[in-house]
Amino acid sequence: MTWVAQHLWLIPLLPLVAAGMIAVTPRPHRRFAAGTALGALAAAFGLSTIAFVATLQPGFTRSAVNTPWFTAGEITLQLGWLLDPLSAAMLVMITFVGSLIFVFSTGYMAEDPNFTRFFGFLCLFAAAMLGLVIANSLLVLFVCWELVGLASYLLIGFWFTKPAAAAAAKKAFITTRIGDLGLFAAMLWLNADTGTLLFYDTGRGCLEAGALSGLVAQTTVMGLTASSAIGLLAFWGAVGKSGQLPLHVWLPDAMEGPTPVSALIHAATMVAAGVFLIARLFPLLGSTVDGDQLTVSNTTPVLIVIAWVGAITAVFAALCAVAQTDLKRVLAYSTMSQLGLMFVGVATAGPAVGMMHLLTHAFFKALLFLGAGSVIHACHHEQDLRRLGGLRRFLPVTFATYAAGMMALSGVPIFFSGFWSKDAVVYGALAWPVSYGPFILCVVGAALTAFYMTRQMCFVFFGEPRQEEDHHASSERHPPTPAVAMGELDGLTKPSSALRAPSPQAIASGEGRFRESPRVMTVPLAILAVSTVLLSALCTPFWPWLEHYLGVPASADHEVPSGVWGVVALSSVVSLGGIACAWWIYRPIRQSAESKDPLARRFPIIWGVLARSFGVDTLYAATILRAGEILGRVSAWLDRWMWEGLTDVFRSLGQLTGWASARLDETALNSGFDQGCEVTRRSGQRLAWLHNGRVHRYLRVLAMGVAVLGLLLFGWMKR
């Protein structure tokens, strides 16, 4: 066991300690907060790289370290961490992409009055995700899973003075908690059946053959094996965390947070947690019995459900993205769609294929979100596609890097990692023996992705800048940014220079209205763009190093399967066709911000459905939320008129009983006791007369007694 495996816990500890230090840092110490956060994550990246190199040793599979937490009777609860290719790749990706997002944030949030608090939340977020990926115990994973949810709540609602941000944070927190109930139930069930929550424990772990054999042999409701039933519950948790149908409604609204938060959530951390969970639990989800042998199959009921949910979500989210007008919401729906593809890849072709797309997606999606942040920063916090245009001349670095991310996401052939990782998913879906349905849906989703990303590029970077009146209209329709609003509350009197309206002359010429973002923001974009291109070399069928590293055994002859080239050709046609179609419809033309989308003019009803995301939020509001409201009113009525009425009855009975007890005590018990005391007192007074110390009285009484006794004796003797 290597040193880094034994000390793997240091990787999440570094940003966690940084979060604690920043939490007690005064607000003005912005440089210290940023330096602490960047230093902690950079150190975590260094340790992650060492761990990654350790997994490259020949013959290395995994290294688990378990330690007792506490003992209760005969039960000992153990915690642990795990180093394997899956966790090592995730560690490197999270720390590398996260570090670039941290650097970008120093420029994007430079004038926010709560700069230090923002970096504290970022560190907490990174620590929770890093702890999640190294966990060798489902309990540790679940604790970090919930910490990720808490950190996302804090970051999505970071601008808490903005009602939409506060509402989005609550929506994300509550929706993901609904999914987490499934994961919690799966954890309890798994522990009850296997007696452990450790994944690997020298043959005794819940993902090892001994436990899996018992789970596969046990049948539950509807003929499902225990492993499939537990897997479905765990997948419900992944559905909530990764924004899949039907628990997807929180993810687009999460765009209300600062743009670096969107990049962190959608690229490196939160939404990737659901896919990682399914990849980690894949031995449980895919286990089946073939004769007397325990084997892994991609046709188990739970994997069939995962494949179909992922494929349907991929197309659903892509259709919604086509009709969005907010720059960041287009990318949010894109994330939902790509996560669906990842689930399809894990279910149909195995964890390595799904995780490969997750890793490549992290780079180009972080690039796209940070590029969107650069556009928003340069355009005075405007993010309505209809009010942008012609920015390629004013933001050349942002345009070039954003174009690289767009082409990677759209699946432009050969030179972009997204093309190869997406093709691996599509090929896996094609080879899936259960159905061609997910394959067809994946192809449709890929075509739609190329279409809506080209549409976005046309709106933002091509054509001409919108008219002067459009800019003023934008200033009137959009409220002050939360940073300025909070700054005014804190006594700041000078608004941000990035938000200061340009002069009419600058607007007319275009010069000065839009400025390229500072280097602290453009350098991370350039690094991510280069990484997006270089990663393609590790994903190609010629040298699929990343796929083999993550767990797919390399073939002896190293030949590319013949069916791969057909998928490559199909994907190329689909991607380029989607781009060409969008370019033909949204080719660079000058139009005002009030102009309708060309598709909206031609298909208004369909466009309205897509723009409202098929009305799922409205449906939930009319059904689930309405039912909750009615239930709340019924509960309030019962509480007021039934439970309070019963309470009043029992209160009155108590008062009546108390009054009767008081009367009985005062009139009967107290009176009798007082009279008895009075008789005793008077008797005592009389007896006290005899014991007054006067001897002649004692003699007189004695003489009288003797006389009476003598008379009685004389009378008795005379008889």
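Remember, it's a predicted structure, so these values are computed and weren't measured experimentally. FYI, the numbering just counts along the sequence from 1.
Trp9 and His7 have tilted rings, their planes meeting at an angle from 30° to 60° on a 0 to 90° scale. Ring-plane geometry between Phe343 and Phe235 is classed as perpendicular, the angle between the planes exceeding 60 degrees on a 0 to 90 degree scale with a lower cut at 30. Ring geometry for Phe184 against Phe142 counts as tilted: the plane angle lies between 30° and 60°, on a 0 to 90° scale.
Taking each heavy atom of Leu130 and Ile94 in turn, the nearest pair found is CD2-CG2, 3.7 Å. The shortest non-hydrogen separation linking Pro438 to Ala429 is C-CB, 4.2 Å. Scanning both residues, Ala43 and Leu14, for their nearest heavy atoms gives CB-CD1, 3.7 Å. In plain terms, the two heavy atoms of Leu122 and Leu155 that are nearest each other are CD2-CD1, 4.0 Å. In this structure, Arg177 and Phe173 approach most closely via the heavy-atom pair CG-O, 2.9 Å. Across all non-hydrogen atoms, the minimal contact from Asn136 to Ala64 is ND2-CB, 3.6 Å.
At distances below 3.5 Å, at least one donor-acceptor pair connects side-chain atoms of Trp432 with backbone N or O atoms of Asn298. Glu208 contributes a side-chain N or O that, together with a main-chain N or O of Gly203, makes up a donor-acceptor pair within less than 3.5 Å. Under the 3.5 Å distance criterion, the side-chain polar atoms of Ser242 are matched with a main-chain donor or acceptor of Gly274. Thr360 places no side-chain N or O within 3.5 Å of a backbone atom of Gly418 that could act as its donor or acceptor partner. The closest donor-acceptor contact from the side chain of Thr196 to the backbone of Gly205 lies at 3.5 Å or more, if one exists at all. Using modelled atom types, no side-chain atom of Ser87 and backbone atom of Ile134 make a donor-acceptor pair closer than 3.5 Å. No donor-acceptor pair closer than 3.5 Å links the side chain of Lys241 to the backbone N or O of Val148. Judged by distance alone, the side chain of Ser137 and the main-chain N or O of Leu139 form a donor-acceptor pair under 3.5 Å.
We find the CG-CD1 distance between Leu188 and Ile230 to be 10.5 Å, quoted to the nearest 0.5 Å. Once rounded to the nearest 0.5 Å, the distance linking NZ of Lys171 with CD1 of Ile156 reads 11.0 Å. Separation of atoms CG (Leu83) and OG1 (Thr61) is listed at 10.0 Å; rounding is to 0.5 Å. Once rounded to the nearest 0.5 Å, the distance linking OG of Ser635 with CD1 of Ile630 reads 11.5 Å. Going from atom CH2 of Trp3 over to atom CD of Gln6 covers 9.5 Å, rounded to the nearest 0.5 Å. Separating the CG atom in Leu264 from the CE atom in Met129 is a distance of 9.5 Å, to the nearest 0.5 Å.
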List the steps and the verdict of side-chain hydrogen bond (donor to acceptor under 3.5 Å, both in side chains) for Thr300 and Ser297.
CA-CA 6 Å; Thr300 59; Ser297 170; over 6 Å; no
Are Val271 and Met342 close enough, and set up right, to give a side-chain contact (heavy atoms from CB on, under 4.5 Å), and what steps lead you there?
CA-CA 11 Å; Val271 297; Met342 296 173 205; over 6 Å; no
Run the side-chain contact (heavy atoms from CB on, under 4.5 Å) test on Lys422 and Thr449 for me, step by step, so that the C-alpha distance in whole Å, both residues' side-chain angles and the decisive distance to 0.1 Å come before the verdict.
CA-CA 11 Å; Lys422 180 204 65 180; Thr449 300; over 6 Å; no
Test Thr335 against Leu339 for side-chain contact (heavy atoms from CB on, under 4.5 Å), laying out the working first.
CA-CA 6 Å; Thr335 300; Leu339 288 167; 3.8 Å; yes
So Ser262 and Leu331, side-chain contact (heavy atoms from CB on, under 4.5 Å) or not? Walk me through it.
CA-CA 9 Å; Ser262 304; Leu331 299 179; over 6 Å; no
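Using a 4.0 Å cut-off between a side-chain N of Lys or Arg and a carboxylate O of Asp or Glu, Glu629 and Arg633 qualify as a salt bridge.
Taking 4.5 Å as the limit, some side-chain heavy atom of Leu277 sits within range of a side-chain heavy atom of Leu183. Contact check for Leu341 versus Gln338: side-chain heavy atoms found under the 4.5 Å cut-off. Val65 has its side chain out of reach of Leu8: every pair of non-hydrogen atoms, C-beta onward, lies at least 4.5 Å apart. Side-chain contact check for Leu281 versus Leu207: some heavy-atom pair is nearer than 4.5 Å. Proximity of Leu212 to Ser227: side-chain heavy atoms (C-beta onward) are nowhere separated by under 4.5 Å. Looking at heavy atoms from C-beta onward, Phe282 lies in side-chain contact with Leu303 at the 4.5 angstrom threshold. Between Phe276 and Leu86, some side-chain heavy-atom pair lies under the 4.5 Å cut-off. Side-chain contact between Trp236 and Leu247: present, with at least one pair of heavy atoms (C-beta onward) separated by less than 4.5 Å.
For CZ of Phe316, the number of neighbouring non-hydrogen atoms (other residues, nucleotides, ligands) closer than 6.0 Å is greater than 12. Within 6.0 Å of CH2 in Trp69 there are 12 or fewer heavy atoms belonging to other residues, nucleotides or ligands.
Test Phe52, Trp543, Phe60 against Tyr549 for ring pair (Phe, Tyr, Trp, His ring centres under 6.0 Å) and you get one pass: Phe52.
Using modelled atom types and a 3.5 Å distance limit, the side chains of Thr176 and Tyr153 yield no donor-acceptor pair.
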